[in-house]
Amino acid sequence: MRPSLVLRATGGFWKKSLDEMKRATTRAVTMEGVTGKFSDLPLATFHTPADLTETKLICDSDDSGFSSASLTFVPATPTDPPHALFKGHISLDLPPNRPDIQRSGYAAFRTIEPGWSIWGKQFWDIDPYTYLALRVKSDGSRYHVNLQTDGIVPTDIHQHRLVTERNGEWEDVYIPFHDFVRTNHGQVVRPRDLLRSKVRTVGIGLIDRVPGPFELAIEKIWATDRIKEEDDIPTENANRPSLAPEKKEKRNLADEVD
């Protein structure tokens, strides 16, 4: 009877298995693999309070720092969709009793890993898609988007700046997957290729190390081939957003995000 106890402890095991079977069935019925037109792949949605249970919050206060961060659910209003609010205050103060800590002032969140299903360990397969899309309302702080894959080095993180154009307003941001840069402990490493078939987590971090408050609203994150949800799938030569990462950027959350 031990296997039954294990399955019962996993909680979402059968739900994840059913969800994966639904996705595979949909792709088969719509012949996505033949037509090359794939429906959008949701990676994180924040439409209910329960959606936040699939995330992990990281802050320097976890290691004696003095920053604060929270990720809370905000219901829909006449002007805003339901969303998660990533909010807090960055402090660069170092703990006086921890001489081993030489840097502080960071906060981030990420999704938890998809877990297991009856088909084995789950990953997001983003290989058919061109863009990572995010619907956000930013305060203009220096946020980075982080992707973790099931690569050989578990501490590797692929990163890209979250570039917004209208601070304080909702907007969709599209980042080409091929523009993400592979980093490890604050350094760009090679090869930079993203293991698209085995994405473990997606998250957002604040690393500008500027003291003060921050606030970022996030409705959802998804993989897509469409610049807009109603658009036709663009060709390879379609214009892409100019969101290339800064070449000299070296600081990141690779050594803070497990």
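The backbone N or O of R166 sits less than 3.5 Å from a side-chain atom of E171, completing a donor-acceptor pair. With hydrogens and angles ignored, the 3.5 Å screen pairs no side-chain donor or acceptor of R182 with any backbone N or O of H158. At least one donor-acceptor pair under 3.5 Å links the side chain of R196 to the backbone N or O of Y129. A side-chain donor-acceptor contact under 3.5 Å links D139 to the backbone of E215. Between the side chain of S67 and the backbone N or O of S91, at least one donor-acceptor pair lies under 3.5 Å. Between the T183 side chain and the I157 main chain, a donor and an acceptor come within less than 3.5 Å of each other. S70 places no side-chain N or O within 3.5 Å of a backbone atom of T72 that could act as its donor or acceptor partner. At least one donor-acceptor pair under 3.5 Å links the side chain of R209 to the backbone N or O of S104. At distances below 3.5 Å, not a single donor-acceptor pair connects side-chain atoms of S141 with backbone N or O atoms of F214.
One finds the CZ atom of F86 at 10.5 Å from the OG1 atom of T55 (value rounded to the nearest 0.5 Å). Taking CH2 of W222 as the start and CG of L43 as the end, the distance is 10.0 Å to the nearest 0.5 Å. With rounding to the nearest 0.5 angstrom, the CG atom of N146 is 12.0 Å from the NE2 atom of H160. Considering CD1 of I221 and OG1 of T111, their distance stands at 7.5 Å, rounded to 0.5 Å.
A centroid separation of 6.0 Å or more is found between the aromatic rings of F46 and H83.
Counting heavy atoms from C-beta on, the side chains of L147 and T201 never come closer than 4.5 Å. For the pair T224/T130, no side-chain contact is recorded, criterion being any heavy-atom separation below 4.5 Å from C-beta on. Side-chain contact between P82 and F73 is present, with at least one heavy-atom pair separated by less than 4.5 Å. A 4.5 Å side-chain heavy-atom check between L134 and D172 finds every atom pair outside the cut-off.
Around CD of E169, the count of heavy atoms belonging to other residues, nucleotides or ligands within 6.0 Å exceeds 12.
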Working for salt bridge (charged side-chain N to carboxylate O under 4.0 Å, His left out), residues R103 and D60
CA-CA 9 Å; R103 187 182 70 171; D60 63 40; over 6 Å; no
Run the salt bridge (charged side-chain N to carboxylate O under 4.0 Å, His left out) test on D80 and K137 for me, step by step, so that the C-alpha distance in whole Å, both residues' side-chain angles and the decisive distance to 0.1 Å come before the verdict.
CA-CA 10 Å; D80 293 318; K137 181 168 66 173; 3.4 Å; yes
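Under the 4.5 Å side-chain contact rule for hydrophobic residues, I218 and L52 share a cluster. L85 and V145 sit in two unconnected hydrophobic clusters of ILVMFWY residues. Membership requires side-chain heavy atoms under 4.5 Å apart, directly or through other members. No path of Ile, Leu, Val, Met, Phe, Trp and Tyr side chains, each step under 4.5 Å between heavy atoms, connects Y106 with F66, placing them in separate hydrophobic clusters.
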